[in-house]
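Have a look at the structure below before the remarks.
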Amino acid sequence: MSLPSKILLWEAGARDGLQNEAQIVPTAVKAELIDRLVDAGLDHIEAGAFVSPKWVPQMADSAEVFAAVHRRPGAVYQALIPNIKGLEAAIASGFRHAAVFAAASETFSKRNINCTIDESLERFRPVMAEVARHGIEVRGFVSCVVDCPFEGPIAPAQTARVTKALIDMGCTDVALGDSIGTGTPTRVQAMIEACARDVPLDRLGVHFHDTYGQALANILASLEVGITSIDAAAAGLGGCPYAPGATGNVATEDVVYMLDGMGIETGVDLKALVRAAWFISDALGRPPASRVAKAMKAKL
Ligand code: HMG
Ligand code: MG
């Protein structure tokens with residue numbers, strides 16, 4: 001088994017992690033979480049979302065959060081955007097990295113962004129034209145890459161079609177989202193291999209929610225087929241309000257612990273990351289979902 005020597009980690013805790021919280025998280029807490037995570041070495045970070053505040057009120061203060069962050073030179077702060085309105089708001093707030101999000105499932109697309117898959121791709125075209133003028137990089141997400149909460153299994157060819165469409169329109173790379181965390185290693189590998197027929201592996205990443213406890217196994221399976229970019233969220237926070245039953249993302253500290261143990265470089269200080277995971281968990285008033293954060297608490 002040939003594995004990479006280095007991995008790019010995308011930290012999703014402050015966006016995916018907090019978009020599904022029932023309680024209001026103060027702006028200053030979100031900004032401190034981002035600063036702590038970047039200080040821990042997670043220099044590719046999702047810092048907010050410029051989506052409709054009626055749809056996701058938890059992200060309504062993304063501009064204020066970014067204004068409060070101590071921006072570290074060289075770090076990549078990314079805003080999630082669904083349309084040109086979101087892009088304009090993200091640019092006005094100082095973001096230079098954005099991400100658009102589509103789905104491999106028609107029903108999920110309709111529930112999450114109120115349009116069909118093809119309509120969403122059309123919606124992204126003016127976004128891509130505008131970012132080209134500003135020199136802004138745009139990542140793509142595809143949700144429901146293995147299963148949909150409404151439709152069940154999704155054919156790998158369908159995930160591959162949407163992934164290729166995002167790359168063709170100019171996305172730098174695409175994060176393949178197992179939004180409800182039902183994937184298992186062999187199905188995940190088949191899905192990645194289908195995508196990799198049209199898109200180079202170095203432009204694909206994986207984004208696992210850990211609902212069924214499969215995320216670390218799926219990450220290892222993804223590395224085995226050539227993936228080198230992984231999304232994760234500190235403390236295992238996360239979930240999509242429009243993906244019923246989905247729990248948090250794989251915890252960043254669980255991923256870093258595994259990769260450290262395998263000698264795969266991440267550039268992350270695990271203790272600082274675990275401190276950040278406890279910081280946000282204490283603010284939310286519950287322990288982290290992460291096993292590593294709990295195990296390491298006494299050793300901090
Ligand atoms: P719509 O209702 O069809 O949109 O929603 P609309 O264009 O008709 O606009 C309706 C209202 O929203 C208008 O305001 C617009 O101005 C406003 P009103 O006139 O009623 O006062 N609006 C906006 N406001 C702020 N920012 C914007 C924006 N756009 C419109 N960008 C829309 C369509 C896409 C806007 C809506 O469905 C939406 O915001 N959806 C976001 C859902 C979401 O954020 N889901 C979670 C993120 S995806 C995810 O978590 C999955 C991922 O993690 C990967 C994985 O795990 O698989 C990425
Ligand atoms: Mg997600």
Side-chain angles (χ1 to χ4, degrees), residues 9-49 56-62 64-66 68-70 72 75 77-78 80 177-181 207-216 219 230-241 243 245-261 266-300:
L9 281 177
W10 271 99
E11 169 58 43
R15 192 279 302 171
D16 198 325
L18 298 181
Q19 71 184 8
N20 204 31
E21 280 300 320
Q23 57 186 294
I24 302 290
V25 180
T27 303
V29 171
K30 293 178 179 177
E32 183 170 347
L33 174 64
I34 292 168
D35 285 343
R36 282 173 175 259
L37 291 168
V38 173
D39 287 348
L42 290 152
D43 59 4
H44 284 65
I45 189 154
E46 288 196 66
V56 184
Q58 292 89 338
M59 291 287 109
D61 62 345
S62 290
E64 291 78 12
V65 170
F66 199 41
V69 162
H70 297 95
R72 174 176 282 213
Y77 298 90
Q78 185 188 77
L80 193 74
D178 179 11
S179 322
I180 54 172
H207 176 111
F208 292 110
H209 287 258
D210 201 22
T211 320
Y212 285 80
Q214 302 297 299
L216 280 182
I219 286 172
I230 299 170
D231 293 11
L237 296 169
C240 173
T247 61
N249 292 74
V250 66
T252 316
E253 53 273 29
D254 290 2
V255 177
V256 170
Y257 179 85
M258 179 178 89
L259 296 177
D260 278 356
T266 63
V268 176
D269 174 342
L270 182 58
K271 277 192 177 175
L273 165 59
V274 170
R275 276 188 220 106
W278 275 101
F279 162 76
I280 188 62
S281 300
D282 288 342
L284 295 171
R286 59 165 192 266
S290 151
R291 309 278 279 269
V292 167
K294 286 181 192 136
M296 283 182 62
K297 187 166 193 219
K299 299 179 192 161
L300 293 177

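Residues take their numbers from the sequence shown, with the count starting at 1. Here the structure is a predicted model, which is why all the values come from computation and not from measurement. Just the heavy atoms: all of them, side chains too, but no hydrogens, waters or symmetry mates, feed the values below.
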Residue pair A293 / W278: nearest heavy atoms and the distance that separates them: O-NE1, 2.9 Å

salt_bridge(R72, D39) N-O dist < 4.0 Å: yes

side-chain contact (heavy atoms from CB on, under 4.5 Å) between Y77 and V38, intermediate numbers included: CA-CA 9 Å; Y77 298 90; V38 173; 3.9 Å; yes

Minimum heavy-atom distance F279-L33, with the two atoms named: CE2-N, 3.7 Å

Closest contact, heavy atoms only, A251 versus A235: CB-C, 4.2 Å

Considering all heavy atoms, the nearest D210-T247 contact: C-OG1, 3.9 Å

Pairwise distance CH2(W10) to CG(L42) - rounded to 0.5 angstrom: 11.5 Å

Test side-chain contact (heavy atoms from CB on, under 4.5 Å) applied to K271 and L300, step by step: CA-CA 6 Å; K271 277 192 177 175; L300 293 177; 4.3 Å; yes

Residues T27 and E64: side-chain donor-acceptor under 3.5 angstrom: no

Q78 side chain to A47 backbone, donor-acceptor under 3.5 Å: no

L18 and M59: CA distance, side-chain angles, deciding distance, side-chain contact (heavy atoms from CB on, under 4.5 Å) verdict: CA-CA 8 Å; L18 298 181; M59 291 287 109; 4.1 Å; yes

OG-CG distance between S281 and L237, expressed to the nearest 0.5 angstrom: 6.0 Å

Nearest heavy-atom neighbours spanning F208 and A215: CB-CB, 3.8 Å

Main-chain N/O of A49 paired with S62 side-chain donor or acceptor, under 3.5 Å: yes

I230, T252, L259, V255 screened by side-chain contact (heavy atoms from CB on, under 4.5 Å) with T266, the one that passes: L259

H44 side-chain N/O to L9 backbone N/O, donor-acceptor pair under 3.5 Å: no

Non-hydrogen atoms of Q19 and V56 that approach each other most closely: O-CG1, 3.8 Å

Spacing of D178 atom CG and I180 atom CD1 [to the nearest 0.5 Å]: 7.0 Å

Enclosure of Y257 OH (heavy-atom neighbours >12, cutoff 6.0 Å): no

Salt-bridge contact R36-E11 (side-chain N to carboxylate O under 4.0 Å): no

Test log, rule side-chain contact (heavy atoms from CB on, under 4.5 Å), inputs K299 and V274: CA-CA 10 Å; K299 299 179 192 161; V274 170; over 6 Å; no

Distance, nearest 0.5 Å, that separates CG of D254 from CG of L273: 9.5 Å

G238 backbone acceptor or donor facing D16 side chain under 3.5 Å: no

Check: Y212 main-chain N/O paired with Q214 side-chain donor or acceptor under 3.5 Å: yes

Spacing of E46 atom CD and L37 atom CG [to the nearest 0.5 Å]: 12.0 Å

Gap between atom CZ of R15 and atom NZ of K30 - 0.5 Å precision: 12.5 Å

Heavy-atom side-chain proximity of N20 to Q58 below 4.5 angstrom: no

